[in-house]
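What follows is one structure encoded as structure tokens, with my remarks underneath.
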2 protein chains.
Amino acid sequence: MDINVRQLRSFVVVAKLGSFTQAASALHVSQPTLSVQIRRLEESLGLRLFDRNPRSVALTRMGRELLPALERTLQDLESLLSDARDVASERRGVVRMAALPSFAAGILPDVIGGFRGQNPGASFALKDVIASRVLALIRSEEVDLGLTGGDVSFPDIETLFTARDEMSVVYPESHPIGAQRRITARVLAKYPLVMMDQGTSVRAVTDLAFNRAGLLPAPASEATYMMTAIGMVRAGIGLTILPTSAREIFAEPSLRSRRISDNNFARPVALIKKAHRTLPPLSRLFAEFLQANRRGLFAASRP
Amino acid sequence: MDINVRQLRSFVVVAKLGSFTQAASALHVSQPTLSVQIRRLEESLGLRLFDRNPRSVALTRMGRELLPALERTLQDLESLLSDARDVASERRGVVRMAALPSFAAGILPDVIGGFRGQNPGASFALKDVIASRVLALIRSEEVDLGLTGGDVSFPDIETLFTARDEMSVVYPESHPIGAQRRITARVLAKYPLVMMDQGTSVRAVTDLAFNRAGLLPAPASEATYMMTAIGMVRAGIGLTILPTSAREIFAEPSLRSRRISDNNFARPVALIKKAHRTLPPLSRLFAEFLQANRRGLFAASRP
DNA sequence: TTATATCCATAGAGTTTCTCTATCGCTGCC
DNA sequence: GGCAGCGATAGAGAAACTCTATGGATATAA
């Protein structure tokens with residue numbers, strides 16, 4: 001009473017070729033196997049599908065009416081399964097990811113480009129959102145991977161790896177800070193600073209770093225977006241401190257930037273996923289790709 | 001490597017119910033059976049479909065993406081097979097048939113009505129065509145059954161049963177033939193006759209019957225359609241001879257009809273199909289229905 | 001904290017199903 | 001009339017399936 005996909009496929013092939021013997025060779029089975037399969041199928045349906053005459057095999061009307069719809073459905077099924085196998089073999093797939101805007105605009109486009117060079121079937125759904133949204137998107141499983149700042153330690157979140165995103169100071173070409181041998185918190189505190197808004201991860205790291213150095217510089221101005229901060233620097237309002245990985249650093253040809261020589265001026269970076277959840281194959285591959293390249297992307301890694 | 005419909009159905013049910021145990025009871029199999037089925041499916045695809053946590057079973061993204069399309073395709077397949085089983089069990093189907101116009105308009109509507117009373121799922125595709133077209137439609141398999149006149153004996157045509165369609169003479173109420181005790185060829189030949197055109201089966205039978213009686217009445221007029229002949233009778237041009245089964249006989253209230261008491265004035269009726277071809281179940285059933293009722297439909301049957 | 005209950009995974013046995021080779025029966029062709 | 005080709009059938013061996021029994025892990029309850 002149970003019907004097998006192989007029986008249906010056999011039916012379609014016998015119908016197309018009009019011969020059990022030919023169909024058997026096309027399907028790489030013996031001819032009796034096909035005879036039995038078709039008989040079983042006919043018994044299961046209670047319908048005669050072929051009229052067998054010694055010199056020809058002809059579809060009955062029932063067979064003729066069943067064939068087109070069945071063939072379409074079988075093709076649907078097979079393309080579905082073949083798609084699934086493509087996904088499994090990392091040939092195709094969508095990497096769903098959330099990242100802080102600085103990463104999304106900074107390092108990720110190049111990384112994605114490099115990854116797609118090796119995996120042309122990969123496509124990306126990248127959401128650039130603030131840190132709390134990254135977590136929310138991971139929790140709701142709208143994305144599989146998250147690239148975020150800060151140390152993430154929740155029972156339902158798993159960290160795949162961490163790295164450190166060091167910060168740089170951005171200043172006008174003619175600014176005296178360019179003459180300093182090393183950029184430290186103390187040096188930075190001497191000058192008016194354009195700071196990122198409260199609530200951004202950049203500001204949190206910056207405040208913490210100054211705090212650890214016993215300093216509390218007042219912002220000359222504040223900005224929500226890095227590009228705004230860059231504009232203020234160009235306008236001479238002050239210097240600004242941004243992650244080295246941020247592309248905005250290079251947006252103004254008239255500005256220079258230098259790495260800050262203070263370990264506190266670095267934000268931890270974490271690639272995270274939901275705990276106890278299997279990553280799609282291509283997402284897992286991309287996570288490994290990111291981890292393998294993390295030394296080139298961020299300043300240093302700390303396991 | 002081979003994927004089974006049962007595995008896919010199991011996947012859908014486990015996904016819907018979110019539990020192996022519940023799905024097992026819904027599918028009437030043991031829980032380990034489901035575990036094995038899902039594992040085999042995952043191995044075949046190379047994809048993890050569920051994340052199993054001791055307290056919950058959750059679809060992976062791959063599973064979630066596969067589910068809707070798979071479910072749709074499975075439903076397609078199952079409705080396809082269930083349709084086929086409906087056809088097999090004579091619950092549903094189309095009876096494709098060709099019949100001479102006299103039968104198509106005469107006896108068949110009532111027969112079909114009676115048959116559909118017992119088999120509400122039956123629909124009919126009835127073609128009313130001349131005898132040579134009936135044969136052609138059977139040969140080309142455009143129809144499965146043919147109801148035609150004459151003795152059909154070809155190697156590729158099989159006769160399911162034969163019957164005799166006796167003929168009647170149609171005359172105006174006041175016509176002297178109404179006073180005759182028995183209507184014979186000799187009686188008929190005394191009066192002007194409106195005859196069906198050469199080439200019609202009615203004319204062939206009529207000519208043969210007169211011929212056998214040693215008579216050769218000249219037509220007072222000829223008509224292609226029975227209704228035309230009826231009209232001529234009403235106009236007083238002559239009498240006409242039509243199959244008793246033809247509805248046209250009763251079209252004119254002012255006309256009377258009587259069975260002709262001469263075995264030669266009867267055309268053989270044959271229900272035919274293509275030889276070596278299986279009839280669709282409902283068509284076979286209708287053929288049996290026709291055969292069972294043939295005594296009520298035609299004057300007499302001759303095996 | 002410990003005991004318990006629940007849930008899925010695994011193991012092994014028995015059964016069913018499948019596919020193969022060998023062979024038969026039938027029909028058309030030379 | 002014998003031969004060739006095709007599908008059906010039989011029987012054996014192999015593979016797959018499903019079952020019961022049991023294990024391992026975790027959340028709930030005492």
Side-chain angles (χ1 to χ4, degrees), chain A residues 1-45 47-60 63 81 154-156 158 274-278, chain B residues 1-45 47-60 63 81 154-156 158 274-278:
Chain A
M1 210 53 185
D2 202 47
I3 284 177
N4 199 313
V5 175
R6 223 171 320 123
Q7 291 172 344
L8 300 175
R9 171 56 48 195
S10 297
F11 164 62
V12 170
V13 174
V14 172
K16 291 245 164 248
L17 297 180
S19 151
F20 280 63
T21 305
Q22 281 179 252
S25 96
L27 291 166
H28 306 296
V29 294
S30 68
Q31 169 264 315
T33 298
L34 264 189
S35 283
V36 173
Q37 276 182 352
I38 300 292
R39 180 159 50 91
R40 293 266 163 77
L41 178 60
E42 287 179 331
E43 283 167 5
S44 296
L45 292 175
L47 275 180
R48 194 154 196 78
L49 296 171
F50 292 106
D51 281 316
R52 287 91 152 163
N53 306 319
R55 228 31 173 199
S56 71
V57 172
L59 280 171
T60 62
L81 297 180
F154 298 100
D156 60 338
E158 178 185 342
K274 196 168 186 187
H276 312 301
R277 286 288 181 275
T278 307
Chain B
M1 212 52 188
D2 201 48
I3 284 176
N4 199 313
V5 174
R6 223 172 317 123
Q7 292 173 343
L8 300 174
R9 171 56 50 196
S10 298
F11 164 63
V12 170
V13 174
V14 172
K16 290 244 163 252
L17 297 180
S19 153
F20 280 63
T21 305
Q22 281 179 251
S25 96
L27 291 167
H28 307 296
V29 295
S30 70
Q31 168 265 314
T33 298
L34 265 189
S35 284
V36 173
Q37 276 181 353
I38 301 292
R39 181 160 48 90
R40 293 265 163 78
L41 178 59
E42 288 179 331
E43 283 167 3
S44 297
L45 293 176
L47 276 180
R48 194 155 195 78
L49 296 171
F50 293 106
D51 281 317
R52 286 90 152 165
N53 308 318
R55 229 29 172 200
S56 71
V57 172
L59 281 170
T60 61
L81 297 181
F154 299 99
D156 61 337
E158 177 184 342
K274 195 167 185 186
H276 312 301
R277 287 289 180 272
T278 307

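Per chain, numbering begins at 1; letters A, B, ... match sequence-line order.
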Would you tabulate the pairs of protein nitrogen or oxygen atoms and nucleotide nitrogen or oxygen atoms of nucleotides 12-14 of chain C closer than 3.5 angstrom?
none

Residue list, side chain to side chain donor-acceptor pair (under 3.5 Å) with [X], at least two apart or on another chain:
X       : answer
B/Asn4  : none
A/Ser30 : A/Thr33
B/Arg40 : none
A/Arg6  : B/Asp2

[X]: partners by side-chain contact (heavy atoms from CB on, under 4.5 Å), with sequence neighbours left out:
X       : answer
A/Ser35 : A/Phe20, A/Gln31
B/Ser19 : B/Thr21, B/Gln22
B/Ala15 : B/Phe50, B/Leu59, B/Leu67

DNA chain C-proximal residues of residues 13-31 of chain A, any heavy atom under 4.0 Å
A/Val29, A/Ser30
Output yes when at least one side-chain N/O atom of A/Ser35 is less than 4.0 Å from OP1 or OP2 of D/dA8, else no.
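For D/dA8, OP1/OP2 do have a side-chain N/O of A/Ser35 under 4.0 Å.
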Does the side chain of A/Arg52 get closer than 4.0 angstrom to OP1 or OP2 of D/dA8 through an N or O atom?
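Indeed, a polar side-chain atom of A/Arg52 lies that close.
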Do A/Val5 and B/Ile3 touch side chain to side chain, with heavy atoms closer than 4.5 Å?
no
Is B/Ile38 close to B/Arg52 at the side-chain level, that is, under 4.5 Å between some pair of heavy atoms?
yes
Rounded to the Å, how far apart are [X] [atom1] and [N] [atom2]?
X        : N      : atom1 : atom2 : answer
B/His276 : C/dC26 : NE2   : P     : 14 Å
B/Leu34  : D/dT18 : CG    : P     : 9 Å
A/Asp51  : D/dG7  : CG    : P     : 14 Å
A/Asp156 : D/dA27 : CG    : P     : 13 Å
A/Leu41  : C/dT19 : CG    : P     : 13 Å
A/Arg39  : D/dG7  : CZ    : C1'   : 12 Å

Enumerate all atom pairs, one protein N or O and one N or O from nucleotides 15-17 of chain D, separated by less than 3.5 Å.
unit_1	atom_1	unit_2	atom_2	d
D/dC17	OP2	B/Arg40	NH1	2.9
D/dC17	O3'	B/Arg6	NH1	3.3

So which pairs with a foot in residues 8-30 of chain A pass salt bridge (Lys or Arg N to Asp or Glu O under 4.0 Å), sequence neighbours left out?
A/Arg9-A/Glu78, A/Lys16-A/Glu71
Does any pair with a residue in residues 19-28 of chain A pass salt bridge (Lys or Arg N to Asp or Glu O under 4.0 Å), and if so which ones, sequence neighbours excluded?
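Found none.
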